[in-house]
Amino acid sequence: MQSRARKRVVSSCIPCYTKKQKCNRRQPCNHCVHRRRPEDCIYVPASASQTPQAANGSREGLPAGDDAQRPVANGSDGRAGTSTLGQGSNSIAELYGYVQHSTTNTMALVRRLGLEEDESPMSSQSFSGETMDEIEKSMRKLPDRETLDVLMQYFVKEVHWMEQVIFLPWFLGQYEQWWNQERRYTVFHVEFAVLFLRVCSYASQFLPSPSHTIDRIRGMPLDDVRHACDNVADDLAAIGARADARGALIRVQHLLILGLQRQCEGRMHAFREALGDAARVAHRSGLHRGRAAWDHGLTDADMEIRCRVFCNLFVRDSVLSRQLDCPPFLSPNITSEHLPYTHSSPNDDAPDGYSERALQARLASFWRGVAPRQDSEYEPILAADRYGKFCSEYLPQLPPAFALEPSIEWDERFPRLRLQRQILHVAIFESLRYNFRPVLLGGSAEQPMLVASQKRALAAAAVMVLDGVAKLHTMLGNSHTRLPTIIMPTFEAAVVLMRLLMDVNFPGTTSSADAPLRPLGIDPLGETVALLTRIQCRQAVKQANTRLDMLAEVSNMAKVGASTLGSLAARLSSSIVE
């Protein structure tokens, strides 16, 4: 009776259970792969709390050749790319450092003269015996597949929607192949192992969570799982870099994931280093040149992956360079040639899972196109012009589902849409805060009323950021999280308000003289500026400090931020008393 009861425990994925199909309990399972819906292969969370079981054979299906899986970006650039597995290389592109897909460099001229390099696919290349031993040694340190499957399931269900660095249908299909094919190592397989291990480690940053309250996976502490994934990924990444110095698309992806993990850990300089490495690999792969310059042999899926990876890289590069006040790694704008086909034109009414990322890329491109030169003197009139241009050019092109006053007709169909919309709105008000933030350094003495007005606009943007972050945190269940999208805007907006509150005359009074230079059809800060009070700003700062105090239990970034705000609050109180 007991054994029969155990057989009735639901262990199939949700789609197979619903369709009453026998599931092989992989991620993705056999039926989800056959249905071409690997992203739907989700299991009930109860599997995460199982006791440890022997994982005999879980490492037996190690990576093999990927000749049969070439349709989607073969882990690199659609072809397997040029490998440099030997001590030397006879590749012109490698030795001279030419960028792929260029139509103007000397490599392009060589090709126009009819000479093509013989590029053997990576799947046909093999490592030396010594390197194979090194790979085998690293692979033996992998956590068992069942443990990694839990993290993969959690990533697909709870984490992927926030950044979407990975194209899930391709990624999950390759993940299943990696485990099931015969043992044979190539650069692609080694780099793909780095990618899914980075994904697992990154997903573990968000655990425990409301849907997974246990700090262990199959009896293994989360920290141990994370460290094992990190250590093996570091070893394999070094092997991959030695074998293929140029790198390819799959390396851009795992470097981006590594950077996001460093950001969660509060290691922003390490994040920027990973981002810079990813940008350099993207340049060498010709990713920055856009769809028109890429090989015509690429499939639509290849193009989709390349566009999505570049968009994510562009967004992270733009935001981080603005936050750290340092030069970006990539060129200053993005065009429809870099966007996925479904997002190459604005005003797409029907959103999908990637709409928010594409709009973030357009947002970053707008501000990079109008941003003043770094270290230039703040000019209030130009700041007002930038704001007016943003209100007249970017905001009207937002699709209805993402507008500041949105249509909610698609919310039922796309469960993550409300969250993604809120993330975009926070990013919008963050960008406005950055536009007016230099006013704190002093404005023109000849325009005191305009400067005073822009200080209130800055405060309004900061208040809107904090309000947006509070709503986003509530949507996420007000849970403990290391999510930088919650922590960093909270801290930075609160510091701005603290600085403004140091002025006992702030926020002053509103008058017609403080109005924008021209009437605006859309003015997202107007109402908040008009109603802004000192009490409102102080309450927003207090709530921000409370949020960071709560998150300090799991995040060093939040802990230091809360401590800094506490010190600033003490200085603010003493300055008012004096």
Side-chain angles (χ1 to χ4, degrees), residues 45 48 150-166 197-217 221-230 233 254-275 312 315-316 319-320 323-324 416 419-420 422-423 426-427 430 465-466 468-494 543-565:
V150 171
L151 289 171
M152 289 290 290
Q153 293 164 23
Y154 184 77
F155 173 80
V156 170
K157 186 177 180 181
E158 303 289 347
V159 179
H160 170 259
W161 66 271
M162 292 184 283
E163 298 288 348
Q164 300 187 75
V165 175
I166 306 298
L197 288 170
R198 296 295 191 210
V199 164
C200 289
S201 183
Y202 178 53
S204 72
Q205 292 285 339
F206 299 94
L207 295 173
S209 71
S211 63
H212 186 119
T213 57
I214 302 172
D215 61 356
R216 293 172 175 266
I217 299 178
L222 273 173
D223 284 345
D224 292 350
V225 176
R226 185 182 305 122
H227 291 153
C229 290
D230 289 341
H254 70 63
L255 285 169
L256 264 174
I257 294 291
L258 174 64
L260 293 174
Q261 181 178 344
R262 296 294 179 258
Q263 186 186 36
C264 281
E265 297 167 348
R267 300 166 57 187
M268 297 302 293
H269 292 297
F271 178 21
R272 188 166 190 268
E273 288 178 5
L275 194 65
N312 272 285
V315 170
R316 300 317 311 176
V319 172
L320 191 63
Q323 288 174 334
L324 302 185
R416 297 293 185 185
L419 289 164
Q420 292 177 328
Q422 194 61 33
I423 288 177
V426 170
E430 271 282 273
V465 167
L466 293 176
V469 170
K471 290 178 180 177
L472 177 61
H473 195 200
T474 299
M475 291 178 184
L476 293 172
N478 285 318
S479 60
H480 290 78
T481 180
R482 297 185 180 92
L483 185 63
T485 307
I486 298 291
I487 297 170
M488 291 197 68
T490 297
F491 174 71
E492 294 196 334
Q543 292 170 0
N545 204 357
T546 300
R547 184 178 308 114
L548 291 180
D549 270 330
M550 170 196 171
L551 300 181
E553 297 181 24
V554 297
S555 168
N556 287 333
M557 183 187 291
K559 183 178 180 180
V560 172
S563 175
T564 302
L565 288 184

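Numbering starts at 1 and runs along the sequence shown. None of the values given here were measured: they were computed from a predicted structure.
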**Q.** Inter-residue atom distance Leu472.CG - Met475.CE, 0.5 Å rounding
**A.** 7.0 Å
Q) Can you name the closest pair of heavy atoms from Val426 and Gly468 and give their distance? A) CG2-C, 3.6 Å
Q. Is a side-chain donor or acceptor of His227 paired with a backbone partner of Asp223 at a separation under 3.5 angstrom?
A. yes
Q) Does some side-chain heavy atom of Lys157 sit less than 4.5 Å from a side-chain heavy atom of His212? A) no
Q. Nearest 0.5 Å, what's the CG-CZ distance between Leu466 and Phe491?
A. 12.0 Å
Q. Which pair of heavy atoms, one from Cys264 and one from Phe206, lies closest together, and at what distance?
A. SG-CZ, 3.8 Å
Q) Which pair of heavy atoms, one from Leu548 and one from Gly561, lies closest together, and at what distance? A) CD1-C, 3.9 Å
Q: Please tell me if the side chains of Leu260 and Glu163 come closer than 4.5 Å, counting only heavy atoms from C-beta onward.
A: yes
Q: Please lay out, stage by stage, how Leu320 and Met268 fare under the test side chain to side chain contact (heavy atoms under 4.5 Å, CB included).
A: CA-CA 9 Å; Leu320 191 63; Met268 297 302 293; 3.3 Å; yes
Q: Could you please spell out the steps behind the side chain to side chain contact (heavy atoms under 4.5 Å, CB included) verdict for Ile487 and Ser555?
A: CA-CA 9 Å; Ile487 297 170; Ser555 168; 3.3 Å; yes
Q: Work out which heavy atom in Ala558 is nearest to a heavy atom in Ala552; give both atom names and the distance.
A: CB-N, 3.7 Å
Q) Given side chains that start at C-beta, do those of Met557 and Arg482 come closer than 4.5 Å, heavy atoms only? A) no
Q: For residues Leu258 and Arg262, determine if any side-chain heavy atom of one lies less than 4.5 Å from a side-chain heavy atom of the other.
A: yes
Q. If you measure from CZ on Arg272 to CD on Gln323, what distance do you get to the nearest 0.5 Å?
A. 12.0 Å
Q: Report the distance from atom CD1 of Ile166 to atom NE2 of His254, rounding to the nearest 0.5 Å.
A: 10.5 Å
Q: Answer yes or no: is there a side-chain heavy-atom contact under 4.5 Å between Met162 and Thr485?
A: no
Q: Show your working on side chain to side chain contact (heavy atoms under 4.5 Å, CB included) between Asp215 and Leu207 and close with a plain yes or no.
A: CA-CA 7 Å; Asp215 61 356; Leu207 295 173; over 6 Å; no
Q.
I'd like to know if the side chain of Thr564 and the backbone of Val560 have a donor-acceptor N/O pair within less than 3.5 Å.
A. yes
Q. Are Thr481 and Leu476 close enough that some pair of their side-chain heavy atoms sits under 4.5 Å apart?
A. no
Q. Taking all non-hydrogen atoms of both residues, which atom of Arg547 and which atom of Ala470 are closest, and how far apart?
A. NH2-CB, 3.1 Å
Q) Could you state the interatomic distance from NE2 (His480) to CD (Glu553), rounded to the nearest 0.5 Å? A) 3.5 Å
Q.
Given 3.5 Å as the limit, does a donor-acceptor pair link the side chain of Tyr154 with the main chain of Ser211, or not?
A. no
Q | Check: Ser209 and Glu158 side chains under 4.5 Å, non-hydrogen atoms | A | no
(Q) Any side-chain to backbone donor/acceptor pair from Asn312 onto Gln164? Under 3.5 Å, distance only. (A) yes
Q | Qualifying residue, where the test is side chain to side chain contact (heavy atoms under 4.5 Å, CB included) with Val165 and the options are Leu255, Val199, Ile257 | A | Ile257
Q: Carefully, step by step, assess Met488 and Gln263 under the rule side chain to side chain contact (heavy atoms under 4.5 Å, CB included).
A: CA-CA 10 Å; Met488 291 197 68; Gln263 186 186 36; 4.2 Å; yes
Q. Tell me, do His473 and Leu551 make a side-chain contact under 4.5 Å, heavy atoms counted?
A. yes
Q. So, the side chain of Arg416 versus the backbone of Trp161: is there a donor-acceptor pair under 3.5 Å, distance only?
A. no
Q) Is there a donor-acceptor pair closer than 3.5 Å between any side-chain N or O of Ser201 and the backbone N or O of Arg198? A) no
